[in-house]
Amino acid sequence: MESVAISFPLFGEGFMINPPRYITIFGFNIYIYGILIAIGFLLGLLYLQKRREALGLESGTVFDMVIMAVPGGVIGSRLFFVLFNASEFFGEGNRWQDIFNFRLGGLAIYGGVIGAAIAFLIYSRIKKIPFLRLADAGAFGLFIGQVVGRWGNFLNREAFGVETTVPWRMGLTFGIRAIYVHPTFLYEALWNTMGFILLHIFSKKRKTRYDGQLFFIYVAWYGFGRSIIEGLRADSIFFMNTDIRVSQVLAAVSFFAAAALLIWNHMRRRGQNPETLPEPTDNPDSERSD
């Protein structure tokens with residue numbers, strides 16, 4: 001869709017841009033979406049490295065997490081997409097080899113989260129680090145990566161919503177025909193930016209923290225927002241031949257599950273004598289309560 005111009009009537013009828021999807025270096029096309037994903041990982045690494053002591057991690061652990069998250073997240077997101085779009089890769093006229101052709105696009109964030117979580121679980125078992133502690137740190141990386149990655153969706157002219165007449169609508173011009181849609185990529189980017197800021201602020205309240213709390217907050221926040229925004233998407237993945245959106249269902253389920261865990265942990269800790277609760281610490285080698 002690189003020839004599709006983008007407009008925002010809110011900025012004036014004459015406002016129109018047509019950013020490229022890729023840049024060419026030595027005859028090789030480098031997609032800007034991929035560059036943004038790499039930037040997202042780098043920003044996540046820098047943030048976690050800056051706050052590693054507050055999150056109870058050692059310096060080497062942060063680098064290991066990023067190294068584990070990249071292949072785990074990419075493989076998981078691709079497998080998730082292929083699983084729910086099997087007809088595009090298998091059957092008459094299709095090429096199953098395209099499963100491995102990432103340049104054609106097709107990644108699903110929930111698959112990425114699951115893939116990264118599995119990688120973290122394996123790493124936590126090997127290094128004997130509480131899995132939920134890694135998940136807490138990973139929550140910040142996920143927020144950062146999703147915020148940056150959604151702008152890659154914008155450049156690819158994807159992850160947009162159904163047609164609308166709202167004042168902040170986004171226009172997509174195909175030749176002489178234009179459609180105006182919900183900029184759902186922007187909704188998610190703003191929602192996740194707000195979630196990251198609030199999680200950052202909350203993470204400084206050390207006396208209320210326990211392993212897994214930050215991750216549960218991330219899951220609840222992202223799940224709630226995605227369950228609403230996904231209903232506006234024009235390119236959702238559906239269950240079989242139904243009208244049920246896969247990501248919307250997963251988002252709603254994850255929100256309720258994470259909210260229930262937060263409430264349960266809050267009630268459990270409230271019922272305990274404060275003097276018996278372990279104190280949070282900045283020492284990466286010490287244990288915080290689960």
Side-chain angles (χ1 to χ4, degrees), residues 1-8 11 14-47 49 63-113 115-116 119 141-142 144-160 170-179 181 183-186 188-189 192 233-237:
M1 282 194 186
E2 58 265 32
S3 61
V4 177
I6 303 171
S7 61
F8 288 93
F11 299 146
F15 180 85
M16 185 173 291
I17 58 176
N18 192 2
R21 291 178 58 195
Y22 57 84
I23 57 177
T24 302
I25 300 178
F26 300 117
F28 185 76
N29 293 335
I30 300 177
Y31 284 81
I32 299 177
Y33 181 62
I35 295 175
L36 290 176
I37 292 297
I39 291 174
F41 274 110
L42 178 60
L43 292 176
L45 171 63
L46 292 175
Y47 176 85
Q49 188 65 14
F63 285 96
D64 289 346
M65 286 178 62
V66 174
I67 293 173
M68 296 290 289
V70 172
V74 171
I75 294 173
S77 60
R78 184 60 171 175
L79 288 179
F80 189 97
F81 179 84
V82 171
L83 176 64
F84 289 99
N85 293 275
S87 61
E88 295 184 17
F89 302 95
F90 302 100
E92 187 176 354
N94 294 326
R95 288 167 44 87
W96 66 267
Q97 297 93 330
D98 286 340
I99 293 175
F100 308 100
N101 190 352
F102 289 87
R103 293 171 62 82
L104 294 177
L107 299 174
I109 182 59
Y110 272 110
V113 173
L142 286 168
I144 293 172
Q146 287 168 322
V147 170
V148 177
R150 283 308 177 196
W151 288 99
N153 294 139
F154 168 68
L155 295 176
N156 282 351
R157 284 74 160 175
E158 62 188 10
F160 55 82
M170 177 176 71
L172 297 173
T173 302
F174 303 82
I176 60 173
R177 177 175 174 266
I179 62 172
V181 299
T184 46
F185 80 92
L186 180 60
E188 268 203 54
N192 288 331
R233 288 274 294 269
D235 60 345
S236 296
I237 300 175

For the pair D235 (side chain) and A159 (backbone), establish whether a donor and an acceptor sit closer than 3.5 Å, ignoring hydrogens and angles. yes
Which pair of heavy atoms, one from F81 and one from A108, lies closest together, and at what distance? N-CB, 4.2 Å
Any chance you could measure M170, atom CE, to R157, atom CZ, to the nearest 0.5 Å? 9.5 Å
Per the side-chain contact (heavy atoms from CB on, under 4.5 Å) rule, which among V113, V147, N192 passes with L142? V113
Quick check: do I37 and V74 have side-chain heavy atoms less than 4.5 Å from each other? no
Check against side chain to side chain contact (heavy atoms under 4.5 Å, CB included), F185 and W151: CA-CA 7 Å; F185 80 92; W151 288 99; 3.6 Å; yes
Going from OH on Y47 to CG on L43, what distance comes out if it is rounded to the nearest 0.5 angstrom? 12.5 Å
Tell me whether the rings of F11 and F8 are parallel (<30°), tilted (30 to 60°) or perpendicular (>60°). tilted
Hey, does F41 have a side-chain heavy atom less than 4.5 Å from the side chain of V148? no
From I30 CD1 over to R21 CZ, what is the distance, rounded to the nearest 0.5 angstrom? 15.0 Å
Rounded to the nearest 0.5 angstrom, the CZ-CG distance for R150 and L36 is 12.5 Å
G72 and A119: which non-hydrogen atoms are nearest, and at how many Å? CA-CB, 4.5 Å
Going from CG on N156 to OH on Y31, what distance comes out if it is rounded to the nearest 0.5 angstrom? 8.5 Å
For I6 and L172, what are the C-alpha separation, side-chain angles and deciding distance, and is it a side chain to side chain contact (heavy atoms under 4.5 Å, CB included)? CA-CA 5 Å; I6 303 171; L172 297 173; 4.1 Å; yes
